[in-house]
Amino acid sequence: ERAFGRIERERMREVPILNAVLRVQTAHVERWNGQWLAALVTPWFLNLVLLPRDAARWWPARAGERVFHRFAAGDLAFLASAEPELGEFQACSLVSPMGQFTSQETALATARAAVAMLHVQPRPEAASAPMPAVDPVTRTRSPASRMARPLRRATPRCQRSRRSPASSTASTRSSPR
């Protein structure tokens, strides 16, 4: 949170896409595949973030390089990056900009729902059906339900891939499962 708070103050303060009702906050952290997986809410994005926990099992990559990671829900593309407070990390953008969120609580609930969806194997018959959901805070249709379809389909920053790890290229690598 400290690193992205600094980024907000130093690099994002004049950017018009910031949602003033949101602040930088980690919504969820878990151990995943030997590393730390977090869902991070900021006024400009909701990202999944992978951080090294076990250096021997980490997937090093150059800044800007895409690395695919396999989840039960499918393969997702993460972009390698680094910040002084964090060191190397990889991020997968789920939502940006964040204008559709009316509260911090809604953004956090959406982040938690996204992480939960990563661990669920999609059913073939459910892939095209809309996912009705109610936001626990506002009791309206939640951003998580609107986000569910893009998570299963390719999105510009966090792409779900049908490629196998063996079909990766030098600039697009896959993590082992």
Side-chain angles (χ1 to χ4, degrees), residues 1-71 73 75-119 135-138 142-144 146-147 150-151 155-160 171-176:
E1 291 177 7
R2 193 172 329 143
F4 288 93
R6 178 188 52 78
I7 291 168
E8 180 180 11
R9 287 187 307 277
E10 294 177 2
R11 299 183 213 163
M12 301 298 291
R13 107 182 130 215
E14 300 297 323
V15 178
I17 65 167
L18 295 181
N19 183 335
V21 302
L22 300 178
R23 66 184 183 284
V24 174
Q25 186 175 357
T26 303
H28 177 84
V29 178
E30 67 182 50
R31 291 179 184 177
W32 177 81
N33 211 11
Q35 310 307 330
W36 294 114
L37 173 66
L40 180 67
V41 170
T42 73
W44 65 97
F45 70 59
L46 174 111
N47 278 7
L48 297 175
V49 179
L50 277 170
L51 296 155
R53 180 176 169 268
D54 178 355
R57 294 181 61 194
W58 179 246
W59 313 279
R62 292 182 313 273
E65 184 177 3
R66 286 191 320 168
V67 180
F68 285 86
H69 295 286
R70 179 157 293 151
F71 293 87
D75 294 347
L76 298 178
F78 284 70
L79 196 60
S81 192
E83 289 296 333
E85 299 92 337
L86 297 173
E88 186 177 336
F89 67 95
Q90 296 169 8
C92 177
S93 179
L94 298 179
V95 180
S96 183
M98 299 288 282
Q100 69 267 35
F101 294 98
T102 57
S103 72
Q104 183 76 11
E105 294 77 23
T106 302
L108 293 171
T110 301
R112 291 181 191 112
V115 172
M117 290 172 18
L118 290 176
H119 303 302
D135 183 294
V137 175
T138 65
S142 74
R146 292 190 295 272
M147 189 181 71
L151 186 60
T155 58
R157 293 183 195 95
C158 184
Q159 298 175 1
R160 186 166 179 251
S171 65
T172 306
R173 301 181 322 189
S174 297
S175 65

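Residues: numbered from 1 along the sequence shown.
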Legend entry - Derivation of the side chain to side chain contact (heavy atoms under 4.5 Å, CB included) call for Glu30 and His119: CA-CA 12 Å; Glu30 67 182 50; His119 303 302; 2.7 Å; yes

Can you tell me how far the [atom1] atom of [X] sits from the [atom2] atom of [Y], to the nearest 0.5 Å?
X	Y	atom1	atom2	result
Leu51	Leu40	CG	CG	9.5 Å
Ser81	Leu50	OG	CG	12.5 Å
Trp58	Phe89	CH2	CZ	9.5 Å
Phe68	Leu76	CZ	CG	9.0 Å
Asn47	Cys92	CG	SG	7.0 Å

Legend entry - Ring-ring centroid check Phe71 Trp32, cutoff 6.0 Å: yes

Counterpart residues, side chain to side chain contact (heavy atoms under 4.5 Å, CB included), relative to [X] (two or more places apart):
X	result
Pro43	Glu8, Leu18, Leu22, Val24
Val15	Met12, Ile17
Gln25	Glu1, Arg23, Gln104, Leu108

Heavy-atom closest contact ([X] atom, [Y] atom, distance):
X	Y	answer
Thr106	Ser103	OG1-OG, 2.8 Å
Gln90	Ala80	CG-CA, 4.0 Å
Leu79	Gly64	CD1-O, 3.0 Å
Ala38	Thr26	CB-CG2, 4.3 Å

Legend entry - Residues forming a salt bridge (charged side-chain N to carboxylate O under 4.0 Å, His left out) with Arg11, sequence neighbours excluded: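 Residues passing salt bridge (charged side-chain N to carboxylate O under 4.0 Å, His left out) with Arg11: Glu83.
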
Inset, instruction - For Leu48 and Phe78, run side chain to side chain contact (heavy atoms under 4.5 Å, CB included): C-alpha distance rounded to whole Å, both residues' side-chain angles, the deciding distance at 0.1 Å, then the answer. - result: CA-CA 8 Å; Leu48 297 175; Phe78 284 70; 3.9 Å; yes

Answer yes or no: is there a donor N or O on one side and an acceptor on the other, between the side chain of [X] and the main chain of [Y], under 3.5 Å?
X	Y	value
Gln35	Arg53	yes
Arg112	Ala27	yes
Asn19	Met98	yes

Inset, instruction - Kindly indicate, with the supporting measurements, whether the criterion side chain to side chain contact (heavy atoms under 4.5 Å, CB included) is fulfilled by Leu37 and His28. - result: CA-CA 8 Å; Leu37 173 66; His28 177 84; 5.9 Å; no

Inset, instruction - Take the angle between the ring planes of Phe4 and Trp44 and call it parallel below 30°, perpendicular above 60°, tilted in between. - result: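 Phe4 and Trp44: tilted rings.
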
Legend entry - Pairs touching residues 84-95 that satisfy salt bridge (Lys or Arg N to Asp or Glu O under 4.0 Å), sequence neighbours left out: Arg6-Glu85

Inset, instruction - Check the pair Val41, Phe101 against side chain to side chain contact (heavy atoms under 4.5 Å, CB included), reporting the backbone distance first and the verdict last. - result: CA-CA 11 Å; Val41 170; Phe101 294 98; over 6 Å; no

